[in-house]
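Hydrogens, waters and symmetry mates are skipped; everything else that's a heavy atom, side chains included, is used. Whatever order the structure lists ligands and atoms in, that order sets their numbers, starting from 1.
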Amino acid sequence: MYYEILDDDKLHEECGVVGLYTSRPDIASQLIYFGLFALQHRGQESAGIAINTGKKIEFHKDMGLVADVLTPEVVDRYKGDIAIGHVRYSTTGESEKQNAQPLVVRYKEGSIGLAHNGNLVNAGSLRNILEDSGVIFQTSTDSEVVANMLARYNKGDIVSSIKNITEIIKGAYAFVFMTEKELIGVRDYFGLRPLCLGKRDDGYLLASESCAISAMGGEFIRDIEPGEIVVINGEGVKSIKSDRYAQKKLCIFEHIYFARPDSNLDGVNVYETRYNSGRILAQEAPVKADLVFSVPDSGTPAAIGYAEELKIPFGLGLIKNRYAKRTFIEPNQVLREQGVKTKLSVLKEIVKDKTVVLIDDSIVRGTTTKQIVSMVKEAGAREVHVRIASPPVTHSCFFGINTPDRNKLIGANKTIEEIKEFINADSIHYLSIEGLVKSTSSDNSYCLACLNGDYPMEVPNKNM
Ligand SMILES: O=P(O)(O)OC[C@H]1O[C@H](OP(=O)(O)OP(=O)(O)O)[C@H](O)[C@@H]1O
Ligand SMILES: NC(=O)CC[C@H](N)C(=O)O
Ligand code: SF4
Ligand SMILES: [Mg+2]
């Protein structure tokens, strides 16, 4: 079967979702705000909330950061017992207000709210089928296909309808759904995207990452299993496990870059994985140097591990403007390049006349690394050795991350030696795939497709 991707020229990345079922309607919006704020790193284009106000599911969403969209007035305005929230980085569909989430559809039986992290690889063909049968779409996202199918096929038993839909959709998804009665979380069969369950005295929480459960004042209970559906209502939490076997394939990039270091994903702490990756990288590619420093923020835990393993001092060679956005998830190249310059500056006094090791978590397009090496050299460093705490990105991702076509991936188009020349470093080494997997210190299996081309399911065109 041939699956298509709606918007394959676009860059792909992440989103964050949260959900809440509470006996404290007065604080529900505030809790969603806290949860989304903790997940801001997963998407910075738009934010939104949907909430059951008692009469109906109302929503508020807009372009911008969580604090810009969920202003104190908005938080004050909405009270309710069930709520979901979303921060977006677009994968399918433009970065525009219309495509912001949560999506809310009204139909014969009531309303359904939905927030999606991931990307569906067969959304295009499903959309065609629906459009041929007269369905009108309000957005250009893949997520609306699911909202539409639910509204169309749900005959009162939403859980069965969701289950049926998961048999049809292909790709990566962590969904939170809400009706006027329940909150529902669903994770795809491979568990490509994370989703976890938490508890507060007044109810239950769902979130993409455990850091959001803590931010919402909750206690982490467990990860949702691949293929599992959890239904939360007045009777508590019910789990519907999948009888379809698929090997767990959490996206390894969640550990390398996306997730927050204080999150645990499927039982593995992100900081520890990054720290271990630095230690293993040091064993695989040591270098004699005066100083190790990171490209902040995501390179820092690996740099600490690298420095400790080789007993080289770790310092701050680069200072990050804390108000700058993540560059990797900016939606176009011009903004991304400008982002690097406004975001990082070199501490000349620290790097001057030194042989330094520069650690970053990943190189995708190479924009960041090339600019940084040149900045560090201009600041007077004697030698700059680059160490990357993940293997070269050689393949596109179709499951919701920001890897462009293969022709824009430096790891797919240049040899290691050519990359060294391109970024003008004195040496460069990437962590091996084995080293990366070992750094998670777990028996979990991971999706490594953008590193080795081994996709967990059929994708549109591997060589794209
Ligand atoms: O090779 P490139 O295409 O240039 O992109 C890779 C860089 O982008 C990311 O950092 P980013 O600045 O987005 O976020 P961070 O501050 O969280 O590390 C990543 O950690 C790399 O540093
Ligand atoms: N990054 C994501 O997870 C985005 C979700 C969805 N595919 C969208 O584009 O809105
Ligand atoms: S292809 Fe790469 S980025 Fe995409 S889900 Fe797999 S590991 Fe993650
Ligand atoms: Mg970075």
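- Contacts with ligand 2 closer than 4.0 Å are made by heavy atoms of both the backbone and the side chain of Asn117.
- Close approach of ligand 3 to Arg193 is summarised as follows: ligand atoms under 4.0 Å from at least one heavy atom of the residue are 5 (S).
- Note that CG of Asp262 and CG of Asn269 are 8.0 Å apart. Values are rounded to the nearest 0.5 Å.
- In summary, the atoms of ligand 3 found under 4.0 Å from a heavy atom of Cys450, numbered by their order in the structure, are 1 (S), 2 (Fe), 3 (S), 7 (S).
- Ligand 3 lies out of reach of His255, whose nearest heavy atom is not under 4.0 Å from it.
- At a threshold of 4.5 Å between non-hydrogen side-chain atoms, the residues Leu130 and Phe137 count as touching.
- At a 4.0 Å heavy-atom cut-off, ligand 1 touches Asp361 through the side chain alone.
- For ligand 1, the atoms sitting less than 4.0 Å from at least one non-hydrogen atom of Lys320 are 16 (O), numbered in the order shown with element in parentheses.
- For a threshold of 3.5 Å applied to N or O pairs, the pair formed by Ser362 and ligand 1 contains no separation below that value.
- Here is the list of ligand 2 atoms found below 4.0 Å of a heavy atom in Gly118: 2 (C), 3 (O), 4 (C), 5 (C), 6 (C), 7 (N).
- Residue contacts with ligand 2 for Arg88 involve side-chain atoms from C-beta outward but no N, CA, C or O (heavy atoms, distance under 4.0 Å).
- For Phe175, the ring pair (Phe, Tyr, Trp, His ring centres under 6.0 Å) test picks out His116, Tyr173, Phe177, with sequence neighbours left out.
- In this structure, CD1 in Ile32 is found 5.0 Å from CG in Leu20, a value given to the nearest 0.5 Å.
- A search for ring pair (Phe, Tyr, Trp, His ring centres under 6.0 Å) contacts involving His86 returns nothing, not counting sequence neighbours.
- At a 3.5 angstrom cut-off on N or O pairs, Gly366 counts as close to ligand 1.
- Relative orientation of the Phe253 and Tyr257 rings is perpendicular, given thresholds of 30° and 60° on the angle between their planes.
- By the 4.0 Å heavy-atom criterion, Gly299 is excluded from the residues contacting ligand 1.
- Note: Tyr455 and His395 have perpendicular aromatic rings, judged against thresholds of 30 and 60 degrees for the angle between ring planes.
- Of all atoms in ligand 3, numbered sequentially from 1 with element shown, those under 4.0 Å from a heavy atom of Cys397 are 1 (S), 3 (S), 4 (Fe), 5 (S).
- With ligand atoms numbered from 1 in the order given, ligand 3 contributes 7 (S) to contacts under 4.0 Å with heavy atoms of Ile252.
- The shortest side-chain heavy-atom distance between Met63 and Ser46 falls under the 4.5 Å cut-off.
- Considering backbone and side-chain N/O atoms, Gln101 comes within less than 3.5 Å of an N/O atom of ligand 2.
- Checking Leu409, Val295, Thr368 against atom 2 (P) of ligand 1, the nearest heavy atom belongs to Thr368.
- Side-chain N/O atoms of Tyr446 and Glu254 include no donor and acceptor closer than 3.5 Å.
- Residue contacts with ligand 2 do not include Gly93, since none of its heavy atoms lies under 4.0 Å from the ligand.
- Residues Arg406 and Thr394 have side chains that never bring a donor and an acceptor to within less than 3.5 angstrom of each other.
- Backbone and side-chain nitrogen or oxygen atoms of His86 are examined, and none is located within less than 3.5 angstrom of a nitrogen or oxygen of ligand 2.
- Applying the 4.0 Å criterion to heavy atoms of Asp297 picks out, from ligand 1, the atoms 15 (P), 16 (O), 18 (O).
- Defined by atom type and a distance below 3.5 Å, a donor-acceptor pair is present between the side-chain atoms of Asn276 and Ser441.
- Each of the atoms 5 (S) of ligand 3 lies under 4.0 Å from some heavy atom of Phe399.
- The neighbour count for Arg322 CZ, taken as heavy atoms of other residues, nucleotides or ligands under 6.0 Å away, does not exceed 12.
- With a 4.0 Å cut-off on non-hydrogen atoms, His41 does not touch ligand 1 at all.
- Among the backbone and side-chain atoms of Cys251, an N, O or S atom lies under 2.8 Å from atom 8 (Fe) of ligand 3.
- Residue Ile363 has at least one heavy-atom neighbour below 4.0 Å for each of these atoms of ligand 1: 1 (O).
- Rounding to the nearest 0.5 Å gives a distance of 7.5 Å between CD of Glu284 and CD of Glu434.
- In this structure, Phe293 and Val351 have side chains that are in contact, with non-hydrogen atoms separated by less than 4.5 Å.
- The shortest N/O to N/O separation between Lys343 and ligand 1 falls below 3.5 Å.
- Looking at Asp426 and Val287, their side chains never come closer than 4.5 Å, going by heavy atoms from C-beta outward.
- Taking every non-hydrogen atom of Thr92 and a distance limit under 4.0 Å, the qualifying atoms of ligand 2 come out as 9 (O).
- With a 4.0 Å heavy-atom cut-off, ligand 2 is reached by the side chain of Ser143 but not by its N, CA, C or O.
- For ligand 3 and Ala449, the ligand atoms under 4.0 Å from any heavy atom of the residue are 1 (S).
- By the 4.5 Å heavy-atom criterion applied to side chains, Pro102 and Phe59 are not counted as neighbours.
- Near Tyr89, the atoms of ligand 2 lying under 4.0 angstrom from a non-hydrogen atom of the residue are 1 (N), 2 (C), 4 (C).
- Within the set Leu344, Asp360, Ile372, Val393, the minimum heavy-atom distance to atom 22 (O) of ligand 1 is found for Asp360.
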